[in-house]
There are 2 protein chains.
Amino acid sequence: MRDEATKAVTAIGQVLQEQIDHGLLAAGSKLPAERKLSELFGTTRITVREALLQLEAQGQIYREERRGWFVSPPRLAYNLMQRSHFHAMVSAQGREPSTEVISARLQPASAAVCAWLQLPALSSVIQICRSRRIDGRLVLYVEHYLNPQFFPGILEFDLNQSITELYARHFDLHYGRVRFEIVPTSLSVDAAAALRVSVGSPGLRIARVNYDQHGRLIDCDLEFWRHDAIHVGVDVV
Amino acid sequence: MRDEATKAVTAIGQVLQEQIDHGLLAAGSKLPAERKLSELFGTTRITVREALLQLEAQGQIYREERRGWFVSPPRLAYNLMQRSHFHAMVSAQGREPSTEVISARLQPASAAVCAWLQLPALSSVIQICRSRRIDGRLVLYVEHYLNPQFFPGILEFDLNQSITELYARHFDLHYGRVRFEIVPTSLSVDAAAALRVSVGSPGLRIARVNYDQHGRLIDCDLEFWRHDAIHVGVDVV
DNA sequence: AAACAGTGCTGGTCTAGTCCAGATAGGTAA
DNA sequence: TTACCTATCTGGACTAGACCAGCACTGTTT
């Protein structure tokens with residue numbers, strides 16, 4: 001057991017890794033079933049599963065609940081300094097974005113949201129939950145919380161489009177200062193359900209607090225990314 | 001199985017979570033052994049282990065190889081905009097930093113490092129590997145790569161101290177522009193060994209490329225953080 | 001006091017299955 | 001054609017054990 005390669009888990013991982021690296025398993029393609037793999041490697045499903053979980057942690061593969069394991073596509077470059085929205089960012093990298101609205105309503109704000117938006121207790125906020133895809137793959141679940149005083153009637157608009165553009169076109173609001181908070185953690189129950197992954201999958205939580213061109217705190221977002229879907233870039237001058 | 005709480009794994013997780021939240025299991029304290037827990041919850045070790053792995057993914061607990069499971073201390077706030085070094089940052093948050101040098105030598109640069117430092121093929125670079133602790137807990141493994149032309153004789157100094165301060169005091173070099181690249185992934189083999197965690201543990205990789213006050217590219221760092229040890233803050237103006 | 005050898009405890013790794021629930025595709029009936 | 005049903009395939013969850021390697025403590029020897 002001294003040699004790493006003699007451990008079944010690492011050995012399986014290395015073989016799969018190699019196949020991926022050499023393009024024999026292309027991005028997005030499906031791996032054989034766990035039972036097939038355990039047969040192929042002459043071991044149990046639990047051992048195979050452990051190897052798969054390690055590759056998942058690395059970001060090489062991902063799973064879709066009860067559908068199978070797939071090879072992860074390249075990560076999206078998320079540059080915090082370029083204040084670009086999802087749709088523009090994804091398109092600029094030659095990939096295809098899409099958005100689905102899950103829910104949108106006025107509701108009482110949670111304590112955490114009150115704190116972020118600096119609102120008094122029991123305030124109402126507009127909550128918009130959306131899931132977003134890159135090339136058809138669910139990668140991001142976002143909860144937006146808007147201070148309702150700045151956005152009268154926004155719930156009447158089509159929220160599948162970019163909210164940033166909606167702000168600009170109909171409310172003459174543009175993002176000014178932004179504060180990001182990045183936490184590596186697992187996906188929340190809601191996020192896991194929306195992204196159709198098993199609860200407890202690793203994820204990246206990015207909270208944004210947004211100010212407008214006049215320095216007023218207008219909204220905040222809570223983004224849950226699949227951990228293998230992005231890499232974050234920041235240029236500090 | 002509709003109700004989440006009827007799943008043994010989630011149930012175990014919730015019980016432990018609650019104990020942690022209410023301070024019955026204090027930060028840094030050790031959980032009972034896996035076998036004890038499986039007895040306590042009337043289930044197998046594998047099931048308990050799965051629950052523990054989920055809490056680990058969430059960042060609530062962590063393990064030390066063959067020593068046991070422990071409750072994670074609060075995360076360190078890592079603000080990319082305040083160009084502060086590890087020692088100052090940790091101290092400012094009322095916690096105790098320490099550093100150990102693992103290796104320091106002049107060596108041929110890997111292809112990746114040549115690219116980062118914009119050096120020609122087969123260049124030599126100074127590599128400094130260090131591990132860092134907060135309140136005694138290993139949280140960070142860093143590989144520094146210095147362009148040797150800017151740092152004659154740096155290997156003679158005590159590298160347990162802050163390298164940033166060394167740059168300033170002895171080489172009159174100060175950080176100017178910095179580029180960060182943040183990738184959620186698992187720890188590299190070296191990093192896992194240095195942090196004494198099992199390979200495949202989730203981690204956060206932060207690569208920094210640093211320019212000096214004259215805009216010259218002087219060095220880069222490859223940081224591997226325990227994923228539950230930090231949250232990253234960025235203010236964009 | 002210092003070095004050493006046990007010894008029990010811990011997580012790490014692995015076997016060999018079982019049963020369940022959601023996803024899928026093929027076929028059948030309206 | 002369309003709607004539905006059903007058999008099969010997938011991963012998800014779980015049981016009940018096994019052996020190994022490294023850690024920490026204890027008691028003995030030098």
Side-chain angles (χ1 to χ4, degrees), chain A residues 1-14 16 29-57 61-71 136-138 186-187 189 192-202, chain B residues 1-14 16 29-57 61-71 138 186-187 189 192-193 195-201:
Chain A
M1 287 294 167
R2 264 251 109 65
D3 184 6
E4 290 293 313
T6 60
K7 275 196 288 188
V9 174
T10 8
I12 296 170
Q14 281 170 4
L16 292 175
S29 66
K30 191 169 181 303
L31 299 183
E34 292 179 2
R35 286 171 179 82
K36 284 269 164 56
L37 288 172
S38 64
E39 204 178 307
L40 186 64
F41 288 102
T43 182
T44 55
R45 234 181 100 202
I46 289 200
T47 305
V48 166
R49 235 173 124 68
E50 210 179 307
L52 293 172
L53 288 169
Q54 282 193 14
L55 287 177
E56 182 192 43
I61 61 175
Y62 68 98
R63 52 187 153 160
E64 288 182 21
E65 184 108 359
R66 272 170 239 277
R67 291 205 343 106
W69 293 88
F70 301 85
V71 178
R137 178 186 174 216
L138 282 165
S186 56
L187 295 172
V189 175
L195 299 183
R196 287 200 262 288
V197 301
S198 19
V199 291
S201 297
Chain B
M1 285 298 170
R2 265 251 107 66
D3 183 9
E4 287 295 311
T6 60
K7 276 195 289 188
V9 173
T10 9
I12 297 170
Q14 280 170 5
L16 293 174
S29 66
K30 192 171 180 302
L31 298 183
E34 291 179 2
R35 285 171 180 83
K36 284 268 164 56
L37 288 172
S38 64
E39 205 177 308
L40 186 64
F41 288 101
T43 181
T44 54
R45 235 183 100 202
I46 287 200
T47 305
V48 165
R49 234 174 126 70
E50 210 179 308
L52 293 171
L53 288 169
Q54 283 194 12
L55 287 176
E56 183 192 43
I61 61 175
Y62 68 97
R63 52 189 153 157
E64 288 183 20
E65 184 111 358
R66 271 170 238 277
R67 293 208 337 107
W69 293 88
F70 302 84
V71 177
L138 282 165
S186 55
L187 296 171
V189 175
L195 299 183
R196 287 201 263 286
V197 300
S198 17
V199 291
S201 298

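Lettering follows sequence order; numbering is per chain, from 1.
Looking at which nucleotide of DNA chain C each of A/E65 and A/V9 is closest to, the 5′-most match is held by A/V9. Comparing A/E64 and A/R35, the nucleotide of DNA chain C nearest to each residue sits closer to the 5' end for A/R35.
Residue A/T43 has a polar side-chain atom (N or O) positioned under 4.0 Å from OP1 or OP2 of C/dT15. Contact check, A/R45 against C/dT15: no side-chain N or O comes under 4.0 Å of OP1 or OP2. Considering only side-chain N and O atoms, A/S198 lies under 4.0 angstrom from the phosphate OP1 or OP2 of D/dG12. Checking the phosphate oxygens (OP1, OP2) of C/dT13, no side-chain nitrogen or oxygen of A/T47 falls inside 4.0 Å. An OP1 or OP2 oxygen of D/dG12 is reached within less than 4.0 angstrom by a side-chain nitrogen or oxygen of A/R63.
Between B/E64 and B/V197 the shortest side-chain heavy-atom distance does not fall below 4.5 Å. Using a 4.5 Å heavy-atom cutoff, the side chains of A/R137 and A/F70 are not in contact.
Residue contacts for B/R66: at a heavy-atom cut-off of 4.0 Å it reaches a base atom on one of the strands shown.
For B/E65 (side chain) and B/R196 (main-chain N/O), no donor-acceptor pair under 3.5 Å exists by modelled atom type.
For A/R196 and C/dG22, the CZ to P distance is 14 Å, given to the nearest whole Å.
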